[in-house]
There are 2 protein chains.
Amino acid sequence: MTEKIATIEDVARQAGVSIATVSRALHKPDVVSETTREKVQTAIAATGYTANVMARNLRLNRSGMILLLVPDIGNPFFSSILSGIEKGASQAGYNVLIGDTQNDPEREATYAAYLRSNQADAMILLNGRLPAPLAKAPANATSPVVIACERIPGCALPTVIIDNDEASFVATRHLIDLGHTRIAHVSGPTGNILTTDRVTGYRRALKSAGITSEPNLIYRGDFSIDSGIAAGRALLADAKTRPTAVCCASDGMAIGVIVAAKEVGLRIPQDLSVVGFDDIPHAAAYDPPITTVRQPRRRLGEQAIALLLDRLGSKIPSAHHDSGPVIVPTELIIRQSTGPCPS
Amino acid sequence: MTEKIATIEDVARQAGVSIATVSRALHKPDVVSETTREKVQTAIAATGYTANVMARNLRLNRSGMILLLVPDIGNPFFSSILSGIEKGASQAGYNVLIGDTQNDPEREATYAAYLRSNQADAMILLNGRLPAPLAKAPANATSPVVIACERIPGCALPTVIIDNDEASFVATRHLIDLGHTRIAHVSGPTGNILTTDRVTGYRRALKSAGITSEPNLIYRGDFSIDSGIAAGRALLADAKTRPTAVCCASDGMAIGVIVAAKEVGLRIPQDLSVVGFDDIPHAAAYDPPITTVRQPRRRLGEQAIALLLDRLGSKIPSAHHDSGPVIVPTELIIRQSTGPCPS
DNA sequence: ATTTTTAATGTAAACCTTTACATTTCTCTC
DNA sequence: GAGAGAAATGTAAAGGTTTACATTAAAAAT
């Protein structure tokens, strides 16, 4: 079973041609004669030859690899984006290497080094932060990097995002329209641009309705179910000051808030309305089904890879780049976790 | 900004040594003198050199890549396994390339070809099927492939699994102990070995309690929430023949069954007990919290990568191989979705 | 029939490493 | 201080491709 792997040389010998001809037969079929092409084909079949991708990539000075930096692959939100990216990438002949950074700057830096060392041809960032090495070199307009999901302020790289501010505004507005005035917000972690934007949208909606926002109605979570439970317990502890509605920055946290609400005997939505964010599959199957902001995850991924491929294709900075970030639309999915304000 | 990337030659020139010395300074530091090592270090810093991994790999005839074949990366069940694998791999200097096969044999074959073409050094299969190319060549005992999650009957490759039969037995037994006798089973798709094993465990439990299993109490799903809803609607439609308990082969399907049960006004667990499988994070936060079989996902991943690294390290077939599959223990987590049989 | 043009193939360099082997430079020892 | 042995470094090949350039063969034009 020590069967040696066939190289292009073996094929050439078998077919009675030079290795150059074999290579051409494979990559520029129109330049070799019909008959030799056939000879090469049979020789390939006979030897079971498959090109050594590493040698090929070395010669072409590429890796065929697109690096995808995600903060947490365990989060189903990211895995859908991924499948959009994957499809586009593999169509264009690229593989997707996933770097799970766990929000660790060191891991981010390690992965970013892949770009320099030719281990990756391009990079898509889902984690809302420029890895240190990139941040130093003023992110130049031609580097093959695309940012998705979280915009990076002051960064000129192509970006595809949703309008978090507006989406959060719409979600909050929905609660206001239902008559709620004591509306809490469970946000993401500090320092995250998503957090900032969504808090801004929330505040803007309150303001537009003439409601003054109370700082203690904003609770910082971390997008997880557990942090949602903690938020719910904190916000609902005091029956006197309790909000009648909660707007959450993730579905997981919305679920957590509902769990906490049920703990203290509150009914959803009769006693408390809850809005989520993302529309993960579980949101629709929860009890009650959760009203939430649907992010077009697949589209986000598709747009990101499209932007990147565009960039890889033409060296000139793409048109997209100058026209600001690509914004994909969100949609408020109204289900049964929200209802009129209890009187 | 057309800054050329520094090669080992640039470093050598800068340091006034040969490229061989530079290479040695990096990989066999003890063999070069203190002073030159320092010269090399400063030269590296000055040039900003990072080794071209592709050239290195070509020379060493390896790729540093471990291919992970999963049926669906969107399933959170797999993403946890992944993080266990990822950790071990990166410690050993490998990257993990994820191949999302979507259960498509063609995609499986494409990915499996990576092994032959040196694009990957090894492979971990989470999808319970040998890709065609491997299946043909009688999976020889030394090929760097490890199977996880789903055993492949008659395949001698190292395997790490849970005892699905036993876990399903325990879950069903739990319902029997609560006094249930009309117990349904919502299984995975046909042809999946998980399905077979879990159905077997279910049947074995019934038999051990002297209950004859009724074929129409077994519903084939596909692990998704939606298929669980369908299962629930089908099984609970007729109030006369309705089971008092349902044992599901995934948490998603358990959630689906509960959704369907609530549709027809059944209370969980007073009117219907439901058991899930996997213990995904959402299981604990559901209403009611779901009794389920916890799979040690991270451990599964860790074991798989350990087995693989063991294999890559020593050419001789590892000890593990002969001692049959590695079985990691599961645990029945009893929550509030199961209760005594209604009288 | 001879030259010119075109098509098909071959030769060899380049991509960037690592490492076996050869060579040089030390450091001892007598 | 010469010779041996050890330590450090250098030279060059190898790894499997792709491709610019050179060469040959065939077809077209004179």
Side-chain angles (χ1 to χ4, degrees), chain A residues 3-41 43-44 47-65 93 113-121, chain B residues 3-41 43-44 47-65 93 113-121:
Chain A
E3 158 204 7
K4 199 138 187 271
I5 282 182
T7 77
I8 198 172
E9 203 165 347
D10 300 324
V11 176
R13 197 175 317 116
Q14 178 100 6
V17 297
S18 77
I19 59 170
T21 304
V22 174
S23 176
R24 275 188 291 252
L26 287 171
H27 303 293
K28 311 187 174 166
D30 45 325
V31 91
V32 314
S33 78
E34 177 82 28
T35 57
T36 34
R37 210 171 11 182
E38 276 164 9
K39 272 192 295 182
V40 169
Q41 286 302 346
I44 287 178
T47 54
Y49 169 75
T50 23
N52 182 322
V53 179
M54 213 113 48
R56 168 160 223 270
N57 286 345
L58 171 60
R59 179 60 230 256
L60 297 179
N61 193 34
R62 53 159 254 164
S63 65
M65 202 69 78
Y114 283 29
L115 266 191
R116 281 192 67 77
S117 60
N118 280 10
Q119 256 186 115
D121 297 338
Chain B
E3 161 205 3
K4 198 133 185 284
I5 283 182
T7 77
I8 198 172
E9 203 166 351
D10 300 323
V11 177
R13 196 175 320 116
Q14 178 99 7
V17 298
S18 78
I19 59 170
T21 305
V22 175
S23 177
R24 277 188 289 251
L26 287 171
H27 303 293
K28 310 186 176 169
D30 44 325
V31 91
V32 312
S33 78
E34 176 83 28
T35 57
T36 34
R37 210 170 8 180
E38 275 165 9
K39 272 193 295 184
V40 170
Q41 286 302 347
I44 287 177
T47 54
Y49 169 73
T50 22
N52 182 322
V53 179
M54 212 112 47
R56 168 160 224 271
N57 286 346
L58 171 61
R59 181 60 231 257
L60 298 179
N61 193 35
R62 52 158 257 165
S63 66
M65 202 69 79
Y114 283 28
L115 266 191
R116 280 191 66 76
S117 61
N118 279 10
Q119 254 186 115
D121 297 338

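Letters A, B, ... are given to chains in the order of the sequence lines, protein chains preceding strands, and every chain is numbered from 1. Predicted, not measured: the structure shown is a model, and the values here were computed from it.
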Within the side chain of A:D10, is there an N or O that forms a donor-acceptor pair under 3.5 Å with the backbone of A:T7?
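Checked: pair present.
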Atom [atom1] of [X] and atom [atom2] of [N]: how far apart are they, to the nearest Å?
{"X": "A:L58", "N": "D:dG16", "atom1": "CG", "atom2": "C1'", "result": "9 Å"}
{"X": "A:R56", "N": "C:dC16", "atom1": "CZ", "atom2": "P", "result": "17 Å"}
{"X": "B:R62", "N": "D:dG15", "atom1": "CZ", "atom2": "C1'", "result": "15 Å"}
{"X": "A:I5", "N": "D:dA14", "atom1": "CD1", "atom2": "C1'", "result": "17 Å"}
{"X": "B:I44", "N": "C:dT17", "atom1": "CD1", "atom2": "C1'", "result": "14 Å"}
{"X": "B:N57", "N": "C:dC15", "atom1": "CG", "atom2": "P", "result": "19 Å"}
{"X": "B:H27", "N": "C:dT17", "atom1": "NE2", "atom2": "P", "result": "9 Å"}
{"X": "B:I8", "N": "C:dC15", "atom1": "CD1", "atom2": "P", "result": "14 Å"}

Measure the [atom1]-[atom2] distance between [X] and [Y] for me, rounded to the nearest 0.5 Å.
{"X": "B:N52", "Y": "A:L58", "atom1": "CG", "atom2": "CG", "answer": "6.0 Å"}
{"X": "A:M65", "Y": "B:Q119", "atom1": "CE", "atom2": "CD", "answer": "6.5 Å"}
{"X": "B:S18", "Y": "B:E9", "atom1": "OG", "atom2": "CD", "answer": "11.0 Å"}

From the set C:dT19, D:dT17, C:dT17, return the single nucleotide nearest to any side-chain atom of B:A55.
C:dT17
What's the closest nucleotide to the side chain of B:T7 if the choices are C:dT19, D:dG15, C:dC16?
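Taking heavy atoms from C-beta onward, the closest nucleotide is C:dC16.
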Need one value for A:N61: base, sugar-phosphate or nothing, where a base atom within 4.0 Å counts as base even if backbone is also close, heavy atoms only.
nothing
Looking for any heavy atom pair under 4.0 Å, which part of the strands does A:L60 touch: base, sugar-phosphate only, or nothing?
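Sugar-phosphate: the residue A:L60, judged by heavy atoms under 4.0 Å, touches backbone atoms but no base.
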A:N57 and A:M54, any side-chain heavy atoms less than 4.5 Å apart
no
Got B:L26 and B:I44 here, is their nearest side-chain heavy-atom distance under 4.5 Å?
yes
Mind listing the closest non-hydrogen atom pair of A:Q14 and A:T47 along with its distance?
OE1-CG2, 4.1 Å
If the sugar-phosphate is the primed atoms plus P, OP1 and OP2 and the base is the rest, what is the B/S/- string for nucleotides 7-13 of chain D, using protein heavy atoms under 4.0 Å?
-SBBB-B
